[in-house]
Amino acid sequence: MLELLPAPPADPLWDLAAEFGADPRPERLDLVLGVYRDHTGVTPVMRAVRDAEIRLAERSVSKEYRGLSGNTAFNRAMLSLVLGGDVPADRATAVQTVAGTGALRLLADLVRQTRPGATVWISDPAYVNHRPILQAAGLAVRTYRWTDPQGLLEDLRGAGRDDVVLLQGCCHNPTGVDPTREVWEALAQAAARTGWVPFLDLAYHGLGDGLDEDLWAARMLAERLPEVLAAVSCSKNFGLYADRTGCAIVLGSSARALRHVETALQNAARTLYSMPPEHGAAVVATILRDAELRGVWRAELDAMRSRIAGGRAALVARLEELGCGDWAEPLARQKGMFAGLPLSPEQMAALRRDHGVYGTAAGRVNIAGLPSDRVDQLAGAIAAVLVPAAA
């Protein structure tokens, strides 16, 4: 049987990570995977997370199953965090998932059940896993322009009443380019007029302009539209990468519909992984329900955001010093963990080959993974591959 399996394509990000691991050069620089690292290059355990884990360990009495929806205290806390304040039970429901990826897949399955003829629109460029997840759920996919606001709105005029539009709520991966509030409001008007449903991917809130600022678009859409889907990740802003913690949120217009939605999501989870892991959800619930821990977490999140913004500013300044101001200026306007470099796949290959700097073929580098003492190395490598192109 196994001999009949054709060679599957390798995952592009993890393939690059493996190439980095095999690179013997001590000066090599890993900017591939989307993880936050401190100024020394270490991905830390947040203090709020560590304190919550200590509390959980001290009172832990059982590892019994939680159920198909996961940790209900976590689900309620996430609804309040994402949507703001107390959320009525007849307005929204949430199911814990295996990170944001699991939420994307469960919600894609829900779209397939409720709108089997739907097309899901994704940005161009898009997060590398969006299309595979949607297509694995049996959905048709089309793209809309992302970095051109006018083009974005023009393309989505083609979205039909039964379609779904996948939108990253902030800190777009891979470009770092976010719409203005005016563009978000135009998207809300288009959805209300046409009937397509926003499907939000919320993975980086708190790392762009601030937690509430980064969630503004999600809350605005939830307030103005009858139905919204949201896949939420706790990997980045709680540092729970390996604990795979997230949730699927669905906003609807009736308690009856939401009960059916929750059952549908539970059934989908049952066939995929039965139920999500408890630890990360318990940590997040402990933090969000305790005023002291929540304050510590918010302060840590603000410090992470400040370090990312500082790394971006330092890179821009160094590129300007090296005579690459025209290329640096767009980087200054980007937000969040990633920077979208104006480099071709060939130039990104030159970065890896000649300078030991690893980013994706599409030009994405992880600013949040850039040690403070390696800014000059990155800027020099970028300048070295840009100057021949400019000449």
Side-chain angles (χ1 to χ4, degrees), residues 12 34 118-131 134 139-161 163-205 207-209 213-218 220-221 224-225 228 309 312 315-316 319 324-348 359-367 382 386 389-390:
T119 293
V120 180
W121 295 70
I122 65 174
S123 64
D124 179 17
Y127 166 54
V128 68
N129 213 18
H130 277 165
R131 182 183 291 272
L134 297 168
L139 294 166
V141 177
R142 290 184 63 180
T143 62
Y144 57 86
R145 286 169 283 179
W146 179 254
T147 57
D148 173 9
Q150 182 177 352
L152 185 160
L153 296 172
E154 287 178 356
D155 290 346
L156 288 181
R157 292 193 186 109
R161 178 174 183 80
D163 288 350
V164 173
V165 177
L166 182 54
L167 297 156
Q168 294 187 47
C170 65
C171 306
H172 183 265
N173 177 3
T175 67
V177 175
D178 286 349
T180 64
R181 290 198 173 190
E182 290 74 19
V183 173
W184 277 114
E185 289 171 346
L187 287 168
Q189 294 168 6
R193 181 174 60 251
T194 305
W196 53 259
V197 173
F199 182 173
L200 297 172
D201 185 358
L202 302 173
Y204 309 104
H205 41 296
L207 298 175
D209 292 321
E213 293 86 348
D214 290 346
L215 289 169
W216 176 86
M220 181 273 294
L221 292 172
R224 298 190 186 183
L225 299 173
V228 177
R312 187 186 304 278
L315 176 62
V316 167
L319 284 170
C324 300
D326 289 344
W327 289 280
E329 193 274 334
L331 300 182
R333 299 196 303 270
Q334 297 172 11
K335 300 176 183 178
M337 295 180 66
F338 303 111
L341 301 179
L343 300 178
S344 68
E346 293 75 21
Q347 289 171 315
M348 292 302 295
T360 72
R364 190 193 82 175
V365 293
N366 178 25
I367 293 293
I382 294 172
L386 278 174

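Just the heavy atoms: all of them, side chains too, but no hydrogens, waters or symmetry mates, feed the values below.
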**Report entry** Gln168 vs Tyr204 side-chain heavy atoms within contact, under 4.5 Å
**Finding:** yes
Query raised in the report: Heavy atoms, side chains only, cut-off 4.5 Å: are Pro198 and Leu187 in contact?
Result: no
Query raised in the report: What are the two closest heavy atoms between Leu319 and Ala328, and how far apart are they?
Result: CB-CB, 3.8 Å
Query raised in the report: Can you check whether Ser344's main-chain N or O pairs, donor with acceptor, with Gln347's side chain at less than 3.5 Å?
Result: yes
Requested in this report: Locate the shortest heavy-atom distance separating Gly340 from Leu331; write the atom from each residue and the value.
Outcome: O-CD2, 3.5 Å
Requested in this report: Could you list all the ring-ring contact (aromatic ring centres under 6.0 Å, His included) pairs where at least one residue sits in residues 170-194, not counting sequence neighbours?
Outcome: Trp146-His172
Report task. State whether the side chain of Arg312 and the backbone N or O of Gly336 hold a donor-acceptor pair below 3.5 Å, judged by distance alone. Result -> yes
Report task. Might you point out which heavy atoms bring Ala118 and Leu139 nearest each other, and give the distance in Å? Result -> O-CD2, 4.4 Å
Query raised in the report: Tyr127: what forms a ring-ring contact (aromatic ring centres under 6.0 Å, His included) with it, not counting sequence neighbours?
Result: His130
Report summary line: Separation between CG (Asp201) and CG (Asn129), nearest 0.5 Å, reads 10.0 Å
Query raised in the report: To the nearest 0.5 Å, how far apart are CZ in Arg145 and CG in Asp155?
Result: 4.0 Å
Query raised in the report: Sub-3.5 Å donor-acceptor pair from the side chain of Asp214 to the main-chain atoms of Leu207, do we have one?
Result: yes
Query raised in the report: Would a 4.5 Å heavy-atom cut-off, applied to side chains only, mark Ile122 and Arg131 as touching?
Result: yes
Requested in this report: Keeping the roles fixed (side chain from Arg333, backbone from Gly176), state whether a donor-acceptor pair exists under 3.5 Å.
Outcome: no
Report summary line: When rounded to the nearest 0.5 Å, the distance separating OG of Ser123 from CG of Asn173 is 9.0 Å
Query raised in the report: Does the pair Asp209 and Trp216 meet the rule for a side-chain contact (heavy atoms from CB on, under 4.5 Å), with working shown?
Result: CA-CA 10 Å; Asp209 292 321; Trp216 176 86; over 6 Å; no
Query raised in the report: Do Met337 and Asn366 have side chains that get closer than 4.5 Å, going by heavy atoms?
Result: yes
Query raised in the report: Closest approach of Gly160 and Thr194, non-hydrogen atoms and distance?
Result: C-CG2, 4.0 Å
Query raised in the report: Side chains of Pro12 and Thr360: closer than 4.5 Å at any heavy-atom pair?
Result: no
Query - Under 3.5 Å: donor-acceptor pair, side chain of Asp178, backbone of Cys171 - result: yes
Query raised in the report: Quick check: does any side chain N or O of Asp163 sit under 3.5 Å from a backbone N or O of Thr119, one acting as donor and the other as acceptor?
Result: yes
